[in-house]
Amino acid sequence: MKMAREIMYRDALREAIDEEMARDKTVFIIGEGIAERGGSYKVTEGLLDKYGPKRVRDTPIAEAGMIGVGVGAAIAGARPIVEILYIDFAMLGMDMIVNQAAKFRLMTGGDGRVPFIMRTQGGTGGGVAAQHSQSLEAMFYHIPGLKVVMPSTPSDAKGLLKYALRQPDPVMFLEHKHLYMTKGMVPDGEHIIAFGKGDIKRPGKDVTVIAWSNMVPRTLEAAEKLAAEGIEVEVIDPRTLVPLDKEMILTSVAKTNRAVIVQEAVRRGGVASDIASIIQEEAFYHLDAPIEIVAGLNIPIPFNLELEKASVPQVDDIVAAVKRSLHAKPVAIAAE
């Protein structure tokens, strides 16, 4: 049985990078302030002293340039980690991500590989306004050829990042600014979590709630509130959006007969809507209530802290959605 210890999310990420850099000399990391300063969230602290400036390298504020360097290096045989300070700024390198990294394998008849990792963070928190607070996972989710990873716990962060650094294809590794200093148990020794395997964060029998990234702890808090009222929520964390553990979601919905999906991103064109369509198509006859989606408002994120809070799902919003699902009247289905 593996032993475990409690560490921060940011330390779990550092451990993953450190272990993979020690294991594979082709792994290197570049980004703004990630070397001498150790990164804005201290994920890369100490790595410069251990691996030197060739493998831990600060860059100018030039996201298109660093993403281009990373994609080119990956095609040439290295394993680059490109850290983009805010996911909002990844838009500057979308041509390299969407038209180069994601397409290269297909365009080379399956011979080419792009083991490129883009680590970045998004989401609200701290009042950093509209250009530093977006949840843009749906943009990458939409692009064939990209893997999309959104860990919610330190254990998931480490296990999934180590797995990502052994893949032959581009991975969008999306973190949340509010999670870096959260703590959780992480197994000692080699700890790897394969893509496409979700996790039941809390078992329950009444309603399935699907959430990812920072919406997972918020959903778990809502589940605690609901448990005090005798409502048992099953909290599902896909961990990776691409590939998606569809079977875990459908199995849970078949058990609870209800589904609520929570995302921080704006509702329009979001991942939650796509998951809802999968449930509707493949588990329709298990549903006893309409699918509920709890999502961000279709507005730019406000600078004001109270308005920022009002623009994305909070615990009470999730509680209310679960209760709506439970109290909904079943829709009569006409006999064939």
Side-chain angles (χ1 to χ4, degrees), residues 123-125 135 137-138 150 152-153 176 178-179 182 198-239 241 244-246 248-299 301 306-333:
T124 58
S135 299
E137 62 266 23
M150 297 190 73
S152 66
T153 68
H176 195 286
H178 263 192
L179 293 176
T182 59
D199 190 36
I200 299 175
K201 297 301 187 190
R202 180 189 177 107
K205 61 181 177 59
D206 296 323
V207 182
T208 296
V209 182
I210 303 143
W212 50 93
S213 191
N214 194 45
M215 291 297 103
V216 173
R218 204 160 289 180
T219 297
L220 289 170
E221 187 178 342
E224 284 291 328
K225 280 192 169 187
L226 290 160
E229 301 179 33
I231 300 168
E232 291 300 325
V233 171
E234 180 145 290
V235 180
I236 297 290
D237 179 359
R239 301 196 288 201
L241 299 180
L244 181 69
D245 192 346
K246 184 174 72 172
M248 181 190 67
I249 293 169
L250 295 176
T251 298
S252 179
V253 171
K255 178 177 72 172
T256 67
N257 308 119
R258 290 171 171 82
V260 175
I261 310 166
V262 185
Q263 67 176 29
E264 183 169 336
V266 300
R267 175 161 181 166
R268 186 171 58 230
V271 176
S273 297
D274 194 56
I275 293 175
S277 75
I278 292 169
I279 295 170
Q280 184 76 2
E281 290 170 3
E282 302 190 37
F284 178 76
Y285 290 101
H286 291 291
L287 291 172
D288 286 343
I291 300 165
E292 292 276 348
I293 294 177
V294 187
L297 301 180
N298 292 321
I299 60 171
I301 301 298
E306 289 304 311
L307 293 177
E308 177 191 62
K309 183 178 177 181
S311 71
V312 297
Q314 302 298 320
V315 171
D316 288 345
D317 299 318
I318 301 167
V319 168
V322 169
K323 289 183 175 180
R324 284 196 302 270
S325 181
L326 281 168
H327 297 150
K329 293 181 179 179
V331 178
I333 300 173

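- For L326 against R258, the heavy-atom pair with the smallest separation is CA-NE, 3.5 Å.
- In terms of heavy atoms, V253 sits closest to H286 at O-CB, 4.3 Å.
- The side-chain heavy atoms of I200 and E234, taken from C-beta on, include a pair separated by under 4.5 Å.
- With 3.5 Å as the limit, one finds no donor-acceptor pair spanning the side chains of E292 and S325.
- Partners of R202 by salt bridge (charged side-chain N to carboxylate O under 4.0 Å, His left out), not counting sequence neighbours, listed by chain and number: E224, E232.
- Note on K246 versus E282: salt bridge recorded, some NZ/NE/NH1/NH2 to OD/OE distance being below 4.0 Å.
- Listed here is the closest heavy atom pair of A321 and V294: CB-CG2, 3.4 Å.
- Side-chain N or O atoms of E264 include none that pairs as donor or acceptor with a backbone N or O of V312 at under 3.5 Å.
- Across A259 and I279, no two heavy atoms sit closer than the pair CB-CD1, 4.0 Å.
- Atom OG of S135 sits about 9.0 Å away from atom CG of N214, to the nearest 0.5 Å.
- The closest donor-acceptor contact from the side chain of T256 to the backbone of T208 lies under 3.5 Å.
- Considering only heavy atoms from C-beta on, V260 stays 4.5 Å or farther from I210 through its side chain.
- Atom-to-atom distance recorded for Q263:CD and L241:CG is 9.5 Å, nearest 0.5 angstrom.
- In this structure, D317 and V262 have side chains that are not in contact, with every pair of non-hydrogen atoms separated by 4.5 Å or more.
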* Take I275 and I249 through the side-chain contact (heavy atoms from CB on, under 4.5 Å) test and state the conclusion after the steps. => CA-CA 9 Å; I275 293 175; I249 293 169; 4.3 Å; yes
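- Contact annotation: the side chain of T219 never approaches that of W212 to less than 4.5 Å [non-hydrogen atoms, C-beta and beyond].
- Here the side chains of E137 and S213 are not in contact, with every heavy-atom distance at 4.5 Å or above.
- Across I261 and A276, no two heavy atoms sit closer than the pair CD1-N, 3.5 Å.
- D274 places none of its side-chain heavy atoms less than 4.5 Å from the side chain of L244.
- Distance check: T124 OG1 to H176 NE2 gives 5.0 Å after rounding to the nearest 0.5 Å.
- For the atom pair S311 OG and L297 CG, the distance stands at 6.0 Å (nearest 0.5 Å).
- Counting heavy atoms from C-beta on, the side chains of L226 and K323 come closer than 4.5 Å.
- Salt bridge status for D237 with R239: absent, with no side-chain N to carboxylate O gap under 4.0 Å.
- In this structure, the side chains of K225 and I231 stay at 4.5 Å or more apart for every pair of heavy atoms.
- Rounding to the nearest 0.5 angstrom, the gap separating the NZ atom in K255 from the CG atom in D206 is 10.0 Å.
- In plain terms, the two heavy atoms of G269 and A138 that are nearest each other are O-CB, 3.5 Å.
- Taken to the nearest 0.5 Å, the CG atom of N257 stands 11.5 Å off from the NZ atom of K205.
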